[in-house]
Amino acid sequence: MRLAIKVAAGTLLACSITSALAQDVTVTVEAEESGPRISRHIFGQFAEHLGTGIYGGVWVGPDSDIPNVRGIRTDVVDALKRLKVPNVRYPGGCFADEYHWRDGVGPERRSTVNANWGGAIEPNTFGTDEFFDFLGMIGSEAFISVNVGSGTIQEAADWVAYMTADTRSSAGQERAANGHEDPYEIAFLGLGNENWGCGGNMRPEHYVDLMKRHARFDRNYNPAQAAGSGNEMRRIAVGPSGDDTRYTEAVMKAWSERDWSWSIEGLSLHHYTVPEWPPSLPSVGFGEDDYALILQTTLKMDDLLRMHSAIMDKYDPEKEVALVVDEWGVWLAENPGSPQGFLQQQNSLRDALVAALNFNIFARHADRVRGANIAQMVNVLQAMILTDGPRMVLTPTYYVHEMYLPMQDATFVPVSFEAGEYVLGDITLPGVDAVAFRDTAGKLWLSLVNLDPGKAKDVRLAVSGPPIRSVAGKVLTAPKVDSINTYDRPDEVVPKAISGTARGKNVRVSLPAKSVAVLALEE
Ligand code: AHR
C-alpha cells in the first residue's frame, strides 16, 4: 500500500506505508506556491569554552607555529568563511553562566578553572575582543549569552555596554583602549543558558523574573542597532529542554502579559540526538542498529517543534517570538583516550544525515523556527571541523552545511512525496525525506535524504509550472554508515557531482543509499 504525504510548512513529517521492496519515489514539487522565508540563522554555529573548541581549535595564539592572524588559526577561518556562518553563539553553554567577562578583556587576563568541562585551566586569552576579531574574519554575527546564573544584572549590563557603547562613555572608552574604537554589533543576546539545569536550576517563575530584568537592563547602545533601525538586537530567553514545557509556558505567558518596559524576540530550545544518558553510543565502529536508532531519535525534533510551537501559538498567534534551537546535534560517547569532559567525538556519514534531516525539519517549521545553532563548531560534539595541533580535517557535517548554502534566506516551496519505508527491527522510518525551496535569486532547489542504508532510490520529480530543463547538484555518501574523514584520508566523505535527466515533464534522479543530495532544478 502507498500513502502520499503532503509536507508543507508546519505539517507533520510522517512516514508513508509502502511495500518494503519499493525503491521508486515520486516527489511532487508545488513550484508555483511559496511558504515562509527560511532564515539563514538556522545555520548558526556554537563555540563554547569547552575542551579544544576554542583553545587549539580557533585560538592558537600569535606566537604559534600554526599559521594564524592575531592568534586565530587561518585554516579554520578559511574553512568557516566558505560556510557563510550567519552567527556564532558564544561563550557557552554551561560555561556562559559562570563566565565573568572582565577576566577576558584588556592586557591582564585572569585564569580560572573551567568547572563544567574537565576542570581545565581557562587562561582567558581568548575573550570578547578576540571573539569579535574572529567573527570579522569569518564574516559572521554575534550571539552573546550573558551570565544569568552566577553573575549580576549589573555585570551583564556592563558587558553589553562594553561591546556596544560609543566612546562618549567609559564603557566605550575602555573598549577603545583595548584597541576597538567602533562599537560591536550583537545580533542575538541570550538571556542565560539552561537556567533550569546547569544555569542555576531555577524554577520557571524565578527565571522569568530575572529574564525580565535582563531584557530591560542589558541595553545595546550601538547607534546602528537603535530602535527602528531594522537591525535591533534580538533577546533570546531560555526556553525548554526536550519535551519539558514548563519554561515554554512560563516565558510565553509572561511575554503575552508584558508592558512597554521589556520584551524578548526569541525563545530557546535545546534538543540533542542522544538516545540514552549519559551518552554512550560510539561515534565510529557502529552498525546499522545504532544508525537507525540515531536517525529515529533525530526525527523527534519535528514532534518537539510542533509541541512547543503550539504553546507559543497560544500566547503569540502572530509568531512575533522566534523559536531558536540554539543547541542541537548528535551527542555520542567521548573518543576513547580523549580528556574527560572535552566532548570529543568522531563525525560520520550518519551524522551528516542527522544534520540534513534537522535542516529539513527546521525548514518545515520556518514560520516559527528562525534560528538554530549546531553544537558545536570545532572539536566538540557534532563538529564541522576537527583539529589536532597543526592538522585540520573537515567532517561530513561540514559538507552538509556547505551543500545547504542555497537554503540560507530561501523561500519554502511545498512538496509531497511517497517516501516508502526503511525498517530495521522495530524501527520504522521514512525511506526518503524531501524539502524544496527557492534561493534568494529565485532558483528552485530540492534537498533529498535517502535514509535507507541499503537501497538506492529512483526519484521521479513532478514539478508544477514550466518544464525543468536540468537537474544537477551535489550528493554526499560513502561506503559505510560510519565512514569518516581523517587527517590522513580527508576525502572519504566529500560531496560529489550528481545529475538527473530532464525530458519535458519526465524528470528523474537516482539517489544512492544513505545519502544527502541538494539539487538545482533549472526551469
Ligand atoms: O553543548 C554542550 C552543553 O550542552 C552546553 O554547555 C549546555 O548548554 C548543554 O547542556
Side-chain angles (χ1 to χ4, degrees), residues 44-55 57-58 87-99 112-120 122 126 131 143-151 188-202 207 211 236-244 247 266-281 283 297-298 301 304 324-335 338-347 351 354-355 358 371-386 395 397:
Q45 297 281 338
F46 175 30
E48 179 165 14
H49 284 248
L50 192 175
T52 53
I54 300 288
Y55 299 107
V58 171
N87 74 79
V88 182
R89 182 169 178 256
Y90 174 84
C94 296
F95 181 85
D97 273 302
E98 295 189 48
Y99 183 58
T112 51
V113 176
N114 192 334
N116 282 290
W117 306 119
E122 167 56 62
F126 187 93
F131 175 62
F143 183 153
I144 297 287
S145 291
V146 295
N147 180 343
V148 170
S150 69
F188 301 95
L189 192 76
L191 308 179
N193 172 77
E194 298 193 356
N195 296 96
W196 34 260
C198 68
N201 208 269
M202 298 175 192
Y207 173 73
M211 172 203 74
I236 313 299
V238 168
S241 166
D243 60 3
D244 187 336
Y247 265 60
L267 180 77
S268 140
L269 164 68
H270 287 186
H271 177 61
Y272 285 93
T273 296
V274 53
E276 55 191 38
W277 194 264
S280 59
L281 297 184
S283 54
T297 311
T298 292
M301 178 68 86
L304 292 178
V324 179
V325 190
D326 56 14
E327 285 187 30
W328 66 272
V330 61
W331 192 327
L332 302 162
E334 296 185 35
N335 288 339
S338 63
Q340 210 190 352
F342 278 26
L343 311 189
Q344 292 178 353
Q345 64 188 46
Q346 257 302 346
N347 193 295
D351 305 335
V354 165
N358 274 299
N373 299 74
I374 189 168
Q376 299 191 4
M377 192 168 66
V378 186
N379 289 336
V380 177
L381 298 176
Q382 190 177 347
M384 313 308 104
I385 296 174
L386 301 177
T395 67
T397 298

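All ligand and atom numbering here is 1-based and tracks the order in the structure. If you read the sequence from its start, that first residue is 1, and numbering goes on from there.
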Quiz item: Could you go step by step and tell me if Leu386 and Gln344 meet the side-chain contact (heavy atoms from CB on, under 4.5 Å) rule?
Solution: CA-CA 9 Å; Leu386 301 177; Gln344 292 178 353; over 6 Å; no
Quiz prompt | Ile54 and Phe131: CA distance, side-chain angles, deciding distance, side-chain contact (heavy atoms from CB on, under 4.5 Å) verdict | solution = CA-CA 10 Å; Ile54 300 288; Phe131 175 62; over 6 Å; no
Exercise. Consider ligand 1: state whether an atom of it lies below 4.0 angstrom from any non-hydrogen atom of Trp331.
Key: yes
Exercise. Go through the side-chain N and O atoms of Ser241 and Glu194 and say whether any donor and acceptor fall under 3.5 Å apart.
Key: no
Quiz item: Which ligand 1 atoms are under 4.0 Å away from a heavy-atom of Glu194?
Solution: 7 (C), 8 (O), 9 (C), 10 (O)
Quiz item: Which ligand 1 atoms are under 4.0 Å away from a heavy-atom of Phe46?
Solution: 1 (O)
Quiz item: Donor-acceptor pair, Thr273 side chain versus Val330 backbone, under 3.5 Å?
Solution: no
Practice problem: Please report which non-hydrogen protein atom sits nearest to atom 9 (C) of ligand 1, along with the residue it belongs to and the distance in Å to one decimal place. | Solution: Glu327 OE1, 3.0 Å
Quiz prompt | Proximal atoms of ligand 1 relative to Cys94 (non-hydrogen, under 4.0 Å) | solution = 5 (C), 6 (O), 7 (C), 8 (O)
Exercise. May I ask you to check whether Thr397 and Asn347 show a side-chain donor-acceptor distance below 3.5 Å?
Key: yes
Quiz item: Numbering the atoms of ligand 1 from 1, which are under 4.0 Å from a heavy atom of Leu381?
Solution: 1 (O), 2 (C)
Quiz item: What residue among Arg89, Met377, Gln382 forms side-chain contact (heavy atoms from CB on, under 4.5 Å) with Phe46?
Solution: Arg89
Quiz item: Phe342 versus Trp117: any side-chain heavy-atom pair under 4.5 Å?
Solution: no
Practice problem: For Asn193, counting its heavy atoms only, list the atoms of ligand 1 lying under 4.0 Å from any of them. | Solution: 8 (O)
Self-check item: Nearest-contact summary for atom 1 (O) of ligand 1 - protein heavy atom, Å
Solution: Tyr272 OH, 2.7 Å
Self-check item: Atoms of ligand 1, numbered as shown, that sit under 4.0 Å from any heavy atom of Gln376
Solution: 1 (O), 2 (C)
Exercise. Taking only heavy atoms of Trp117 into account, list the atoms of ligand 1 that are under 4.0 Å away from them.
Key: 3 (C), 6 (O)
